[in-house]
Asks: 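This is the structure I have questions about; it appears just below.
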There are 2 protein chains.
Amino acid sequence: MMPPKVTLKAVAAQAGVSYQTVSKVLNGQLQVSAETHERILQAAQNLGYRPNQIARNMRAGRSFMIGYSWVQTSPDQVNHILDQFLSSMVREAEAAGYHLLPFPFQEGEEQITAYRELIATRRVDGFVLTSVDYNDPRIHFLLERGFPFVAFGRSNPELDFPWVDVDGAAGTRQAVEHLLARGHRRIAALAWPETSRVGNDRLQGYFQAMQKVGITPCPKCLLRGEGTFDVGREMTLRLLDLPAEERPTALIALNDTMAIGAMYAARERGLEIGRDLAVIGFDDAPMVQYLYPPLTSIRQPIAQAGRKCVEMLVSLLEGKTLTEKHVLLAPRLILRASA
Amino acid sequence: MMPPKVTLKAVAAQAGVSYQTVSKVLNGQLQVSAETHERILQAAQNLGYRPNQIARNMRAGRSFMIGYSWVQTSPDQVNHILDQFLSSMVREAEAAGYHLLPFPFQEGEEQITAYRELIATRRVDGFVLTSVDYNDPRIHFLLERGFPFVAFGRSNPELDFPWVDVDGAAGTRQAVEHLLARGHRRIAALAWPETSRVGNDRLQGYFQAMQKVGITPCPKCLLRGEGTFDVGREMTLRLLDLPAEERPTALIALNDTMAIGAMYAARERGLEIGRDLAVIGFDDAPMVQYLYPPLTSIRQPIAQAGRKCVEMLVSLLEGKTLTEKHVLLAPRLILRASA
DNA sequence: ATCGTCAAGGCGAACGTTCGCGCGAACGTT
DNA sequence: AACGTTCGCGCGAACGTTCGCCTTGACGAT
């Protein structure tokens, strides 16, 4: 700020060449005599020259920015993902000469407006999407515009776009297989409404694992609802009120918050978790290790997903063809005392 | 992308005026005949003109970006703050025509390098700092350069810079007063090392509340250590092993993670939390409401802090003088079953 | 001697905007 | 009728880069 701006012209003046020559030499676009080369580098070093990024972007007609927006969770819920996801994206982007542009998430029709505006004002070169679901309007819009983006999460099968996702089915499959290995046979699932793509995906693993050992899950053991503590608790109370021969001995919830509700319900009924009822969550939120008992849960490779999203998007922006348009990452079951 | 770029010249061509005139009219800098005015607005509307932000920045010599970087918490710990803080900043910034530029947090000497680089390449107009502590090198650097910034958190008293902070002392004071009102007299504190500015601030409120009712806290009841689960647990075990007449009946931890460790320790000793031992945390992390029993904790007005930081920084960037250079926000005690 | 070749580096232009100045016409004043 | 004044708008310039083309001098081959 205080020190006068040091531009190409300043460096050129000190080195005794034209400023365009300085540009080319610093960018390695031009062979000059060893002597001149040295003079230019010295001058740049002396003055502490750093290229003005705005001017570069102006010239390039690109912003080298990646737009990203996330649903803000309510103060009760926690987005434990955000820190890791954002950090990994920021790092990966910076390494490739890009930066992230976070913008407010809007619900409804204005959502597209925000994307449209960022494109029109040329603030971003591409987007990373999260919280995608079936028929995501953003995907339709961006595909139609032919604007580059990568989604973290899948959508309708017929839509062709690059995505990275965590293999939710593989996660629950591991979890259920673990419960089966422990001798559980009546395993319940606390699931989400069928309108949730992620929920359906995760639930698939439950069916796969059960079918593999020839068990047909009883219909009463599959409950659906919003993924909150209260819903998890109520569902579990319903399960525990079943007659003994139908009552599940284990349950898996599609997220940790529901699993915590389930633990609460079990305690209300005087059951000891891990012994009388096995509980497994999904997401491995940072605090579930401190619950009593610590919650077994499924951890997603979030940082890896973030890196991959940016890596793929950058490839698109640089005009390369993607070696892999779809990336499916495996989650990992973290065993603790609850199951 | 596909549609040809619509610039001022395109609008001007359609409206039959010079492109500079279009610029001025759209920015309200020039009075023209009602008829021309209408023609220009129509043309801009028709073509869907939106100003190229990069060119604007180029012209203005500013980026309208606010640099922000945060310490990435380890995967076990959680940054439940980030979502709210970031969201509120992004919204406030956008409303003022700015955007946030997140960049990777670096430890040690390279940290300043990152800040220096963003300034030199003119990518940002100012910074918001978090996780500031005594003698924060970033503060020294930015003050010396005269580069605009606002800190969330205080540092050395002698350093003069704009900040927003949560009144940690007021938080613990409320908590201790609540414990005193409940009849507790031997109240322990699980604190941080004296090198922590935030820790000292929060601890102050403990002393203030105790002194106000004429109680000198016993030295054994003040323990210091890193703010982790394990440290919190170990400290609490030490407290509970004190002879009955010295043993505290309540404790307050400077963060929730330690408080959770304390709850764990109490359970190990067969105590019922809330009855045999009152526990209060700090931060009100989203999941502590689901602990057993739910944890009483101190909630910080994070979103308000984020808004305020950006608001003040924008004022600085617009050349206004700050009406208030220091803002101290009051936290709120959230009462639950643990105390 | 003449010509083509090549290395070294200068020069003009352009990206899209905003800003200050200037110019002609219309208008009101002396 | 001559003279300021105002209105409505055009024009040139600039922000700092990068890119393509041009110029100059030296050199070797014919």
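The structure presented is a predicted model; accordingly, all values stated were derived computationally and were not measured. Labels below follow one simple rule: chain letters A, B, ... track the order of the sequence lines, proteins then strands, and each chain is numbered from 1.
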Asks: Heavy atoms within less than 4.0 Å of DNA chain D: which residues of residues 25-40 of chain B have one? Give them sorted by number.
Replies: B/Leu30, B/Gln31, B/Val32, B/Ser33, B/Thr36
Asks: Using whole Å, report how far CD1 of A/Ile54 lies from C1' of C/dT17.
Replies: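 These atoms are roughly 13 Å apart.
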Asks: Taking 4.0 Å as the cut-off, does a side-chain nitrogen or oxygen of B/Tyr19 come that near to OP1 or OP2 on C/dC15?
Replies: no
Asks: Have B/Gln14 and B/Asn46 got a donor and an acceptor in their side chains that come within less than 3.5 Å?
Replies: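 Yes, a side-chain donor-acceptor pair sits under 3.5 Å.
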Asks: Provide, to the nearest angstrom, the distance between the NZ atom belonging to B/Lys9 and the P atom belonging to D/dG10.
Replies: 14 Å
Asks: So, does the side chain of B/Lys24 form a donor-acceptor pair with the base of D/dG8 at under 3.5 Å?
Replies: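 Answer is no: no donor-acceptor pair is held.
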Asks: Please give the nucleotide sitting opposite C/dT29 as a Watson-Crick or G-U wobble pair, both distances under 3.5 Å, or none.
Replies: D/dA2
Asks: Less than 3.5 Å apart, any donor N or O on the side chain of A/Ser63 or A/Asp125 sitting next to an acceptor on the other?
Replies: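 On atom types as modelled, these side chains qualify, holding a pair under 3.5 Å.
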Asks: Could you say whether B/Val17 or A/Leu8 is positioned toward the 5' end of DNA chain D, judged by the nucleotide with the nearest heavy atom to each?
Replies: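 In this pair, the answer is B/Val17.
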Asks: Would you say a side-chain N or O of B/Thr21 is under 4.0 Å from OP1 or OP2 of D/dG10?
Replies: yes
Asks: Between P on C/dG16 and CZ on A/Arg122, what's the gap in Å once rounded to a whole number?
Replies: 8 Å
Asks: Can you tell me how the ring of B/Phe103 sits relative to the ring of B/Tyr115, calling it parallel under 30°, perpendicular over 60° and tilted otherwise?
Replies: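 Perpendicular.
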Asks: Strictly by Watson-Crick or wobble contacts shorter than 3.5 Å, is anything paired with C/dT5, and which nucleotide is it?
Replies: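 Partner of C/dT5: D/dA26.
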Asks: With a 3.5 Å distance limit and no angle check, can you tell me whether B/Thr21 reaches the backbone of B/Val17 through a side-chain donor-acceptor pair?
Replies: no
Asks: Hey, can you tell me if B/Phe149 and B/Phe161 have their rings parallel, tilted or perpendicular (30° and 60° cut-offs)?
Replies: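 Parallel.
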Asks: Counting just side-chain N and O atoms, does B/Ser23 come under 4.0 Å of either OP1 or OP2 of C/dT18?
Replies: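 Checking B/Ser23 against C/dT18: at least one side-chain N or O falls below 4.0 Å of OP1 or OP2.
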Asks: Under 4.0 Å between a side-chain N/O of B/Arg56 and OP1 or OP2 of C/dT18, yes or no?
Replies: yes
Asks: Do A/Ser88 and A/Arg307 come close enough that some side-chain heavy atom pair is under 4.5 Å?
Replies: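 The answer is yes, as the side chains (C-beta and beyond) meet within the 4.5 Å cut-off.
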Asks: Calculate the interatomic distance between A/Asn52 atom CG and D/dG16 atom P; express it in whole Å.
Replies: 7 Å
Asks: Between P on C/dA14 and CE on B/Met58, what's the gap in Å once rounded to a whole number?
Replies: 15 Å
Asks: Classify the side chain of A/Gln20 and the base of C/dG12 as holding, or not holding, a donor-acceptor pair under 3.5 Å.
Replies: yes
Asks: Would you say the base of D/dT18 and the side-chain of A/Arg59 have a donor-acceptor pair closer than 3.5 Å?
Replies: yes
Asks: Between A/Arg62 (CZ) and D/dT18 (P), how many Å, whole number?
Replies: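 Going from CZ in A/Arg62 over to P in D/dT18 covers 14 Å.
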Asks: Under a 3.5 Å threshold, yes or no: a donor from one side chain and an acceptor from the other, between A/Tyr134 and A/Ser196?
Replies: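 Side chains of A/Tyr134 and A/Ser196: no pair found under 3.5 Å.
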Asks: What's the closest nucleotide to the B/Pro51 side chain, out of C/dT17, D/dG16, D/dT18?
Replies: C/dT17
